[in-house]
Protein chains: 2
Amino acid sequence: MEERKQKVLLAIVQDFIATAEPVGSRTIAKKYGLGVSPATIRNEMADLEELGYIEQPHTSAGRVPSVRGYRYYVDYLMQKRELSRDEEELIRREFEIKVRDVGQVIQKTGQLLSQLTCYTAMVLTQQMGGSSFKHVQLVPMSINQTMVIVVMDNGAVHHRMIETPESIRPSDLETLSKVLNAKLQGLTMENIKLTLLKEIYFELGKHKQVLDLAMEMIQDSLGLKDEDKIYLGGVFNMINQPEFHNVERVKTMLSILEQEKLLCELLTGQSWDKGVTVRIGGEITDYDIKDYSVVAAPYSISGRKIGSIGVLGPTRMDYAKVISVVDFMTKNLSKTLERMFLGRGR
Amino acid sequence: MEERKQKVLLAIVQDFIATAEPVGSRTIAKKYGLGVSPATIRNEMADLEELGYIEQPHTSAGRVPSVRGYRYYVDYLMQKRELSRDEEELIRREFEIKVRDVGQVIQKTGQLLSQLTCYTAMVLTQQMGGSSFKHVQLVPMSINQTMVIVVMDNGAVHHRMIETPESIRPSDLETLSKVLNAKLQGLTMENIKLTLLKEIYFELGKHKQVLDLAMEMIQDSLGLKDEDKIYLGGVFNMINQPEFHNVERVKTMLSILEQEKLLCELLTGQSWDKGVTVRIGGEITDYDIKDYSVVAAPYSISGRKIGSIGVLGPTRMDYAKVISVVDFMTKNLSKTLERMFLGRGR
DNA sequence: TTTAGCACTCAATGCCATCGAGTGCTAACA
DNA sequence: TGTTAGCACTCGATGGCATTGAGTGCTAAA
C-alpha cells in the first residue's frame, strides 16, 4: 500500500480508537499533519473504503475502521509499546505483597489485567492433564467423617469429605495414608496398573469401604475431572466505554461472557504456539461477536503451556496498550508460578 | 388501616410488581374485583398517598408503592408462599449430584438463588473465627519447595508453598508434621500458650527455618486472616428486568455490586438474630441505594451462624417468592453443610 | 358514601423543519 | 497526472410543536 494511504489509515484507526467517533477528512487534515487538503484525503479514503479497510456507518458520517483495517493496523502500522515504569512497578508490587497461593495469583492477574486496560480480563486455567500423584492424607474429622486431601505434583491440592464407618480408628487412617503414598508415589492416571491396585486392595482389604472412596477421590484428582476454569475480572469497568451507552450492547456483551465455552475457544483457539494473539471482531469463530476483539496469550511453567490469559474489549480497543499489558502479564505470571512450584533457584 | 384501603394498596403493590408500570384507578377496578368504581378507588388512593404508602411519578401517571408501602405490604398484606414441588425437586437434585466440597456448595447455592428469583444472589461466608487446629502436613514438592497443608476442625483446608533448605529430608518433614500435630491438636488461636511454643521449638530446634514458616502458616489459618468472602451470582440475568432499560441504572447497580463492604453490611446488618430479613430501599444504610431491596438470611452449622445468603433486586421485587426461596435455601444450605461436617447421622 | 361527569395535566409520540458534518463530483490549477 | 477549491447532496441529530391518551382531582347528583 502506498505510504500516504497507510498514513491516512493509521490516522483513522488512531483517531477512532481515541474518540469512538467516525473520523472525517477534515479532522485528519487538521490533527494529523499530512500536508494535504481534506479533498485529497477524501480521495484516499474512497480508495481505502473500496479496498475494504474502512467503512461508513452512513452517508453523511466519517469513516470507521473495518475488521480488515484493524488487522492491517495491528500487523503493519501499530507501534509496539512498552509498559511505563509506574505500571511495571505497580504490578511487581501487587504480586510481591499479596500473592500466596495459586488462586490468588490467578485472581490478581485478572484484576490487574482489567485495571490496566479498562476492558474485561479473562484468565483460563487449563486442566493440567498428565500431572502425577504426590501425596494423600486421610484426616479424621469426626466420628464418621474423614477428610481426604490429595496433592498433585503441579501443586494442586484437592480435598473432599468422605463418610467412614465408626469402627475405623485414626491409626487405621494413618496406615491407609502411608500405604497409598508408598504405592502411588509419582504415578499418573495412565500408569496406575491393575496389578498395583490389586496389591493395594490385598494389603488394605479390611478397610475396603474407606479405600474405595479414597481411591475414587484420587482418581478424580488425577483424571480429567479438573475442568478448565475461567476467571473474569473487570466486567464492570468496561461498561464505561462509550460503546456501551445503549443497553442492547451491554446485554449482548453479558451474554457473551456467559458462554464459557466460547470464551475458552477465544482464549485458546489458535494462539497455542505464538505468543500474544490478536483476534479482531472474533475472527475465526462460529459465534457472532463481530463487535469485540480478544488479545490473548498462553502462560507456562518451564515451557509447558498450562493456561491462557486474555482481554476482551470492543474492536475499537487500544491494541498497542493491551498487547503490551498482556505480554508483560503472561511473562510475569509464568515467572511467578515457576517460582512457586520450582523454587526461587531456577 | 381500613380494610378497603388495604385492598387497594395490595392491588397497587401486586400490579406494580407484576407489570412495572404505575397503576391507575381504572386498572384496579377492572382487574381486582373490589366492587367499587374507579372514582372511589381514586379517593382511597389520594388518602393512601397522603399517608405515604404510595407515590405519583408525575401528575398524569398512576401510583407506585413507596418504600413505606412496600414495607406495609411485606409486614401485613403479603401472602407467604411455599416453593413449588418442581422447584424443591430441582434444588434437591442439583445438590445431590453436583456438590462435593464447600466451594461448590456455596457456588451452587448462589446459582440456584439467582436462577429461581431472576435477581442477583449473594452468598457471604463469614470468617469462622474460633475454629481450631486439626491437622498439618508438610509435603516435599521439589528439592527446595515444600507444601504446607493445614486442616481446620470446621473443614477448611489451606495450603501454601514454602521454601525449604535443600538439606531438609522428607523424613525430617514427616517428623515435623508429627510433632506439630501432636502438640497443637484441637487448639485455637487463643489457647496456644507460649510454653507450648517453646516446647515445640525445643524439640524441633534444628529445623528452625522451616518451622518458622510452617508456624506462620498455621497462625494465619487460625487467625482472622480468612476474610469474609462474598460470592455473586446472576448479575447478568437481572439486567433483563425492565428497570434496567436505561444504562444509568445498570451502572449504578454495578457500582453497588463492586462495593463489597456495602454488600456485607446489607447481608449481615441486623438480620443476625431473626430468620429472613427484608430490607427495602436499603433501609438503614448510609449508602444511597433507595431503588434496591435485599432479602437476606443467615445460615448455620448446628446453631452457630457462619454466613448469610441474600438476594439483591429492584424495590419492585417479588417479595413473596424471594422470601420463600431464601428461606428454603438457608435451610438447605445449613443442612448440606452440617451433613458434610458432622456426618449424615446427626 | 359512592359515583358519573368533566376539566385539567403531562409524558409520550410523531411530524416537520432546520442544521451541519461529511461526502462525492467536477472543474480548475500546478 | 496529482492536488485542491467549490458546490450540491445526503442523512442523522436536534428541537419545536401539535396531538394523543392515560390518569387525576373536583363537583354535583344519586
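So you know, we letter chains A, B, ... as the sequences are listed, proteins then strands, and number each from 1. What you see is a predicted model, and the numbers here were worked out from it, not measured in a lab.
- When the C1' atom of D/dT3 is taken as reference, atom CG of A/Asp47 falls 14 Å away, rounded to whole Å.
- For A/Arg42, whose side chain is taken as the heavy atoms from C-beta onward, the closest listed nucleotide among C/dC10, D/dG6, C/dG5 is D/dG6.
- Side-chain contact annotation: B/Tyr72 with B/Gln6, donor-acceptor N/O pair under 3.5 Å present.
- Note that B/Arg68 lies in the cation-pi zone of B/Tyr53, set by a 6.0 Å cut-off to the ring centre and a 45° limit from the axis.
- A sub-4.0 Å separation between OP1 or OP2 of D/dT4 and a side-chain N or O of A/Thr40 is present.
- Using modelled atom types and a 3.5 Å distance limit, the side chains of A/Ser84 and A/Glu87 yield a donor-acceptor pair.
- Annotation: proximity of residues 5-37 of chain A to DNA chain C (heavy atom, distance under 4.0 Å) is found for A/Gly24, A/Ser25, numbered in ascending order.
- The nearest heavy atom of DNA chain D to A/His58 and to B/Met45 marks one nucleotide each, and the one closer to the 5' end goes with A/His58.
- Rounded to whole Å, atom P of D/dG2 lies 10 Å from atom CZ of A/Arg4.
- The interatomic distance linking B/Asn43 (CG) with D/dC26 (C1') rounds to 10 Å, in whole Å.
- Picking from C/dT3, C/dT2, C/dA11 the nucleotide with the shortest atom distance to the side chain of B/Ser60 gives C/dA11.
- Of the two residues near DNA chain C, B/Glu44 and B/Thr59, the one whose nearest nucleotide lies more 5' is B/Glu44.
- Note on B/Arg63: a side-chain N or O is less than 4.0 Å away from OP1 or OP2 of D/dT24.
- The minimum heavy-atom distance linking B/Glu21 with B/Phe16 is given by the pair O-CD1, 3.2 Å.
- Other residues, nucleotides and ligands contribute only 12 or fewer heavy atoms inside 6.0 Å of the CZ atom of B/Arg26.
- Annotation for B/Lys251: atom NZ counts as buried by contact number, over 12 foreign heavy atoms lying within 6.0 Å.
- Put simply, CD on B/Gln56 is 16 Å from P on D/dA22, counting in whole angstrom units.
- Taking atom CD1 on B/Ile41 and atom C1' on C/dT3, their separation rounds to 12 Å, with Å as the unit.
- Mapping B/Ala61 and B/Ala39 onto DNA chain D by nearest heavy atom places B/Ala61 at the nucleotide closer to the 5' end.
- For the helix from C/dT1-D/dA30 to C/dA30-D/dT1, the end axes, each set by the C1' atoms of five terminal pairs, are bent relative to each other by 20° (nearest 10°).
- A donor-acceptor contact closer than 3.5 angstrom is absent between the side chains of A/Asp318 and A/Tyr119.
- The side chain of B/Ala46 sits closest to D/dG25 out of C/dT23, C/dT3, D/dG25.
- Side-chain contact of B/Tyr319 with B/Ser293: a donor-acceptor pair under 3.5 Å is present, judged by distance alone.
- Atoms CD and CG, from B/Glu283 and B/Leu266 in turn, are 11.5 Å apart once rounded to the nearest 0.5 Å.
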